[in-house]
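Below: one structure, written as structure tokens.
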Amino acid sequence: AEKFQRSLSVSELAERHAVSQRTLERRLRAAVGRTVLGELYRVRIEEAKRLLLAGGLPVKGVALRCGFTDVSRFSMVFR
């Protein structure tokens, strides 16, 4: 779950994959129909669902573990 706690930027992801930000955005949108940020949120929310179903953590704990520093932002994205 540590990998979800770390904040990633589009520029960092693009650099990691040796492409420009624009190329990364275009390729991801073509492949999955979402922006990079949208895909990051999707992955984090899937992890949040898993943690919430497992129980044992309050919503704030799940939000923090999934890389959200603000519970209200987490709630908004989760909806």
Side-chain angles (χ1 to χ4, degrees):
E2 270 182 40
K3 63 185 172 188
F4 294 102
Q5 292 175 340
R6 196 167 157 287
S7 178
L8 288 172
S9 68
V10 176
S11 61
E12 184 180 359
L13 286 170
E15 185 177 311
R16 190 179 286 182
H17 293 284
V19 296
S20 70
Q21 289 181 44
R22 177 74 182 124
T23 297
L24 180 64
E25 286 284 356
R26 250 191 353 258
R27 286 182 182 174
L28 191 68
R29 187 176 293 273
V32 298
R34 284 182 289 282
T35 65
V36 173
L37 187 57
E39 184 63 8
L40 285 172
Y41 280 153
R42 186 196 66 75
V43 169
R44 289 176 189 271
I45 292 301
E46 287 302 314
E47 177 66 3
K49 287 178 186 176
R50 188 187 70 73
L51 291 171
L52 288 168
L53 288 172
L57 280 176
V59 173
K60 182 176 182 174
V62 170
L64 292 173
R65 271 199 150 165
C66 293
F68 293 90
T69 56
D70 181 352
V71 176
S72 63
R73 178 76 175 158
F74 169 72
S75 295
M76 185 187 82
V77 172
F78 193 85
R79 287 183 208 158

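Predicted model, so just to flag it, every value in this text is computed and none were measured.
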### Task
Would you list the pairs meeting ring-ring contact (aromatic ring centres under 6.0 Å, His included) in which at least one residue belongs to residues 11-39, sequence neighbours left out?
none
### Task
Using atom types as modelled and distance alone, determine if a side-chain donor or acceptor of E25 lies under 3.5 Å from a backbone N or O of V36.
yes
### Task
Give the intermediate values and the outcome of side chain to side chain contact (heavy atoms under 4.5 Å, CB included) for residues I45 and F74.
CA-CA 9 Å; I45 292 301; F74 169 72; 4.1 Å; yes
### Query
Any side-chain donor-acceptor pair under 3.5 Å between T23 and S20?
yes
### Query
Does a salt bridge link R50 with E46, judged by any charged N lying under 4.0 Å from a carboxylate O?
no
## Note on the structure
The reported gap from CE in M76 to OG in S72 (rounded to nearest 0.5 angstrom) is 8.0 Å
### Task
State, with a plain yes or no, whether a side-chain heavy atom of R34 is found less than 4.5 Å away from one of R42.
yes
### Query
So do the side chains of L40 and L13 get within less than 4.5 Å of each other, counting heavy atoms only?
yes
### Task
Taking all non-hydrogen atoms of both residues into account, name the closest pair between A14 and L24 and its distance.
N-CD2, 3.6 Å
### Non-hydrogen side-chain atoms of V59 and F78 separated by less than 4.5 Å
no
### Task
Start with the C-alpha distance between C66 and V62, add both sets of side-chain angles, then the distance that settles side chain to side chain contact (heavy atoms under 4.5 Å, CB included), and finish with yes or no.
CA-CA 6 Å; C66 293; V62 170; 4.3 Å; yes
### Message
Between E47 and R44, does any NZ, NE, NH1 or NH2 come within less than 4.0 Å of an OD or OE carboxylate oxygen?
### Response
no
